[in-house]
Amino acid sequence: MEFELHFRNELKRLKFKRYHVCEILNCTMPTLKTKIENPERLTVGDITKLNNSGFELNRIIYELKN
């Protein structure tokens with residue numbers, strides 16, 4: 001749940017919509033929803049693509065740990 005909140009904040013910061021992320025990850029909206037609800041389902045490839053698109057996933061992970 002916390003990851004989802006941080007993910008939404010990143011969407012706002014980048015001015016992205018979820019369909020943009022689906023295009024980046026080459027996945028469907030239901031698949032994206034599953035990955036956001038269960039971040040352990042994100043693959044290394046997904047994380048690389050998101051980082052390359054401007055997502056600050058390192059900051060999200062840091063905030064989730066603390």
Side-chain angles (χ1 to χ4, degrees):
M1 187 71 172
E2 250 184 279
F3 179 83
E4 189 172 358
L5 176 65
H6 290 291
F7 187 84
R8 276 191 264 147
N9 289 337
E10 282 296 289
L11 288 177
K12 288 178 189 176
R13 184 182 69 79
L14 294 167
K15 297 181 177 139
F16 281 3
K17 300 289 183 193
R18 288 183 184 233
Y19 73 86
H20 289 117
V21 178
C22 287
E23 290 174 2
I24 292 166
L25 298 180
N26 193 29
C27 69
T28 63
M29 194 65 75
T31 299
L32 178 62
K33 184 175 190 257
T34 299
K35 289 181 181 209
I36 293 170
E37 290 173 351
N38 302 300
E40 64 273 0
R41 295 195 138 192
L42 288 168
T43 66
V44 172
D46 293 338
I47 292 168
T48 300
K49 289 175 185 176
L50 291 172
N51 274 328
N52 290 342
S53 298
F55 278 80
E56 293 183 359
L57 295 179
N58 291 335
R59 184 169 56 88
I60 292 173
I61 293 166
Y62 175 79
E63 288 176 9
L64 291 174
K65 286 183 177 180
N66 294 313

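What you see below is based on every heavy atom in this structure, not just the backbone, and it leaves out hydrogens, waters and symmetry mates. Position 1 is the first residue of the sequence; numbering continues from there.
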Distance in Å, [X] [atom1] paired with [Y] [atom2], rounded so as to fall on 0.5 Å steps:
X: Glu56; Y: Leu14; atom1: CD; atom2: CG; result: 8.0 Å
X: Ile24; Y: Asn52; atom1: CD1; atom2: CG; result: 10.0 Å
X: Ser53; Y: Glu10; atom1: OG; atom2: CD; result: 11.5 Å
X: Arg13; Y: Lys15; atom1: CZ; atom2: NZ; result: 10.5 Å

- Message: Is a donor from one side chain sitting under 3.5 angstrom from an acceptor on the other, for Asp46 and Thr43?
- Response: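 Note: Asp46 and Thr43 side chains meet the donor-acceptor criterion.
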- Message: Would you say Leu50 ends up clustered with Val44 if hydrophobic residues are merged whenever their side chains have heavy atoms under 4.5 Å apart, either directly or through other cluster members?
- Response: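 No; tracing contacts between hydrophobic side chains, which count when under 4.5 Å, never links both residues.
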- Message: Restricting to non-hydrogen atoms, name the atom on Cys22 and the atom on Leu32 that form the minimum distance, rounded to 0.1 Å.
- Response: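 That closest heavy-atom pairing would be SG-CD2, 3.7 Å.
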- Considering residues at least two apart in sequence or located in another chain, which fulfil the salt bridge (Lys or Arg N to Asp or Glu O under 4.0 Å) criterion with Lys49?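 So Lys49 forms no salt bridge (Lys or Arg N to Asp or Glu O under 4.0 Å) with any residue.
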- Message: I'd like to know if the side chain of Glu37 reaches the main chain of Glu4, judged simply by a donor and an acceptor atom lying under 3.5 Å from each other, with no hydrogens or angles considered.
- Response: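 Such a contact is absent between Glu37 side chain and Glu4 backbone.
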- Task: Check step by step if side chain to side chain contact (heavy atoms under 4.5 Å, CB included) holds for Asn38 and Phe3.
- Result: CA-CA 9 Å; Asn38 302 300; Phe3 179 83; over 6 Å; no
- Item | Flag side-chain contact, heavy atom, 4.5 Å: Arg18 against Ile36 |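 With C-beta onward as the side chain, the pair touches.
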